[in-house]
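Please read the structure below before turning to the comments.
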Amino acid sequence: MTQRKKTAVTKSPAKIGTPDEAKAAFEEIRAELQKLSPADILTVNVDIPRAASIALGAEPHIRAYEGHIKQALPTHALDAIRRLRVYALGAVYAHLESQPVTKRADLSLLINEGTTLKQQLMVAAEALAFAGLVDDGRLAEIRAGSGHLDLATDLVALGALFDVSSKAIAGKTAIDREQVDRASLLGTELLVALGAKDHSANRVTPEAIDMRNRAFTLLVRAYDSARRALAYLRWDDGDVDQVAPSLYQRPRRRAAPAATAPVDSQPNDGEEDSATPSSGLAATGTE
């Protein structure tokens with residue numbers, strides 16, 4: 001296989017779109033969700049909006065390899081890869097629909113906290129972009145955002161950006177894990193609060209959780225399929241994680257000595273734990 005230049009900068013996450021786009025995507029895959037067997041449904045073990053942001057950022061780069069995949073792997077299913085964007089947006093909508101509603105009285109507090117946090121993350125990200133460690137083009141999209149809805153999606157995208165760049169920026173930023181995690185959570189809370197019409201509704205129902213899990217399963221399956229194909233194509237280059245970053249960015253606990261090691265019940269849905277923690281950010285705790 002011809003040796004190619006390694007990808008220098010990890011492909012950055014993208015904004016997760018508007019709730020209307022996410023809802024349309026969900027309706028497009030609703031029938032597909034209902035066909036999933038209960039035995040095939042995965043346990044949600046990542047932050048869905050952040051994972052969707054990573055997938056959406058990688059999607060155009062993955063699609064650029066479609067012809068190569070078809071040529072090198074003629075039996076590899078391309079439909080899931082082609083529908084990666086709709087799966088990601090559908091998973092976002094299903095996740096939002098399964099979240100408790102934030103009271104409108106609390107909206108101003110979320111906006112104030114989110115505005116401050118976005119400023120902190122942007123200042124740090126701008127410095128990293130200047131050093132060539134993160135994608136300035138993606139930052140420009142976030143920088144151009146305005147309004148409360150953009151604030152929500154910008155926070156999710158920034159949290160994902162710091163996640164996928166964690167190895168490259170280790171020791172080069174003052175942003176810590178708590179801020180990264182809070183950005184994604186706060187962005188999600190804002191999206192729910194801004195989109196809520198019935199503020200007394202109990203949305204955390206078994207049905208809503210089931211649909212969220214189904215949508216997550218389709219997203220992971222499609223993204224996994226793309227990463228497997230890219231791993232084959234980019235084997236000699238070893239840069240699949242730069243083209244299509246893993247959805248599982250968080251470091252896991254280090255194993256205890258064999259004689260006393262407890263059973264780790266955390267599922268990873270096929271993602272391999274690395275020998276060193278995947279995040280170079282200052283950790284505030286373990287999962």
TODO: May I ask you to decide if P13's main-chain N or O and R138's side chain share a donor-acceptor pair within less than 3.5 Å?
DONE: yes
Task: Any pair counted as ring-ring contact (aromatic ring centres under 6.0 Å, His included), so long as it reaches residues 20-55, sequence neighbours left out - done: F26-Y93
- [ ] With rounding to the nearest 0.5 Å, note down the distance linking CG in N213 to NE2 in H95.
- [x] 11.0 Å
- [ ] Give the C-alpha distance, both sets of side-chain angles, the deciding distance and a yes or no for side chain to side chain contact (heavy atoms under 4.5 Å, CB included) between M211 and E97.
- [x] CA-CA 9 Å; M211 293 305 283; E97 286 295 294; over 6 Å; no
TODO: Kindly give the heavy-atom pair with the smallest separation between I54 and A160, and that separation in Å.
DONE: CG1-CB, 4.0 Å
Open item on the list: Heavy-atom count check: over 12 atoms from other residues, nucleotides or ligands less than 6.0 Å from Q34 CD?
Closed with: yes
Open item on the list: Taking side chain to side chain donor-acceptor pair (under 3.5 Å) as the definition, give me every residue that meets it alongside D210, ordered by chain and number, with sequence neighbours left out.
Closed with: R214
Task: Closest approach of Q242 to G238 (non-hydrogen atoms, all atoms of both residues) - done: OE1-O, 4.1 Å
- [ ] Taking the side chain as every heavy atom from C-beta outward, state whether D163 and R177 have any atom pair closer than 4.5 Å.
- [x] yes
TODO: Output all residues satisfying side-chain contact (heavy atoms from CB on, under 4.5 Å) with L78, sequence neighbours left out; order by chain, then residue number.
DONE: E66, I69, K70, I81, R82
Open item on the list: Show me the pairs that pass salt bridge (charged side-chain N to carboxylate O under 4.0 Å, His left out) and involve residues 115-128, at least two apart or across chains.
Closed with: K118-D154, E126-R143
- [ ] Could you go through the side chain to side chain contact (heavy atoms under 4.5 Å, CB included) check for T43 and F216 one step at a time?
- [x] CA-CA 8 Å; T43 299; F216 172 74; over 6 Å; no
Task: Gap between atom CG of L110 and atom CG of L190 - 0.5 Å precision - done: 5.0 Å
- [ ] Check side-chain contact (heavy atoms from CB on, under 4.5 Å) between A72 and all other residues, then give those that pass, not counting sequence neighbours.
- [x] Y232, L233
TODO: Output all residues satisfying side chain to side chain donor-acceptor pair (under 3.5 Å) with R212, sequence neighbours left out; order by chain, then residue number.
DONE: none
Task: Partner residues of R228 under the side-chain contact (heavy atoms from CB on, under 4.5 Å) criterion, sequence neighbours left out - done: D224, S225
Open item on the list: Strictly distance-based, threshold 3.5 Å: is any side-chain N or O of D237 a donor or acceptor partner for the main-chain N or O of D239?
Closed with: no
Task: Main-chain N/O of A14 paired with S53 side-chain donor or acceptor, under 3.5 Å - done: yes
Task: Salt-bridge contact R182-E178 (side-chain N to carboxylate O under 4.0 Å) - done: no
Open item on the list: How close do P245 and V164 get, counting heavy atoms only, and between which atoms?
Closed with: CB-CG1, 3.8 Å
TODO: Evaluate the criterion salt bridge (charged side-chain N to carboxylate O under 4.0 Å, His left out) for residue pair E59 and R63; output intermediate values, then yes/no.
DONE: CA-CA 6 Å; E59 188 264 350; R63 291 295 300 272; 3.8 Å; yes
Task: side chain to side chain donor-acceptor pair (under 3.5 Å) involving R83 - partner list, sequence neighbours excluded - done: E28, E32, Y87
Open item on the list: For the CG atom of D176 and the CZ atom of F162, what is their distance to the nearest 0.5 Å?
Closed with: 10.5 Å
Open item on the list: Go through it in stages, so that I can follow the logic: the residues are V243 and R227, the test is side chain to side chain contact (heavy atoms under 4.5 Å, CB included), and I'd like the CA-CA distance, side-chain angles, deciding distance and then a yes or no.
Closed with: CA-CA 9 Å; V243 179; R227 276 174 54 85; over 6 Å; no
Open item on the list: Do L218 and L36 make a side-chain contact, defined as non-hydrogen atoms from C-beta onward lying under 4.5 Å apart?
Closed with: yes
Task: Results of side chain to side chain donor-acceptor pair (under 3.5 Å) for T18 - residues two or more places apart only - done: E21
Open item on the list: Tell me whether L158 shares a hydrophobic cluster with V123, the cluster being built from Ile, Leu, Val, Met, Phe, Trp, Tyr side chains joined at under 4.5 Å.
Closed with: no
Task: Distance, nearest 0.5 Å, that separates CG of D79 from CG of L84 - done: 12.5 Å
Task: Minimum heavy-atom distance T173-A124, with the two atoms named - done: OG1-CB, 3.8 Å
Task: Any V240 side-chain heavy atom under 4.5 Å of W235 side chain - done: no
Task: P49 vs L191 side-chain heavy atoms within contact, under 4.5 Å - done: no
Task: Main-chain N/O of A168 paired with S165 side-chain donor or acceptor, under 3.5 Å - done: no
Task: Pairs where residues 29-61 contributes a residue and the test ring-ring contact (aromatic ring centres under 6.0 Å, His included) is met, not counting sequence neighbours - done: none
Task: Path from Y223 to Y65 over hydrophobic side-chain contacts below 4.5 Å - done: yes
Task: M122-L185 co-clustered via ILVMFWY side chain contacts under 4.5 Å - done: no
TODO: Quick one: list whatever passes side-chain contact (heavy atoms from CB on, under 4.5 Å) with L89, sequence neighbours left out.
DONE: A25, L56, R85
Open item on the list: Testing the basics here: between G90 and A215, what is the closest heavy-atom pair and its distance to 0.1 Å?
Closed with: O-CB, 4.1 Å
Task: Euclidean distance, L96 CG relative to E189 CD, rounded to 0.5 Å - done: 11.5 Å
Task: Listed partners of D47 passing salt bridge (Lys or Arg N to Asp or Glu O under 4.0 Å), at least two apart - done: none
Open item on the list: Using modelled atom types and a 3.5 Å cut-off, is there a donor and acceptor pairing between side-chain atoms of T116 and backbone atoms of N112?
Closed with: yes
- [ ] State the CG-CD1 distance between L161 and I142, to the nearest 0.5 angstrom.
- [x] 6.0 Å
Open item on the list: With a 4.5 Å cut-off on side-chain heavy atoms, are H148 and L107 touching?
Closed with: no
Task: Considering all heavy atoms, the nearest S12-D135 contact - done: OG-CB, 3.0 Å
Task: Ionic contact status for K15 with D150, cut-off 4.0 Å - done: yes
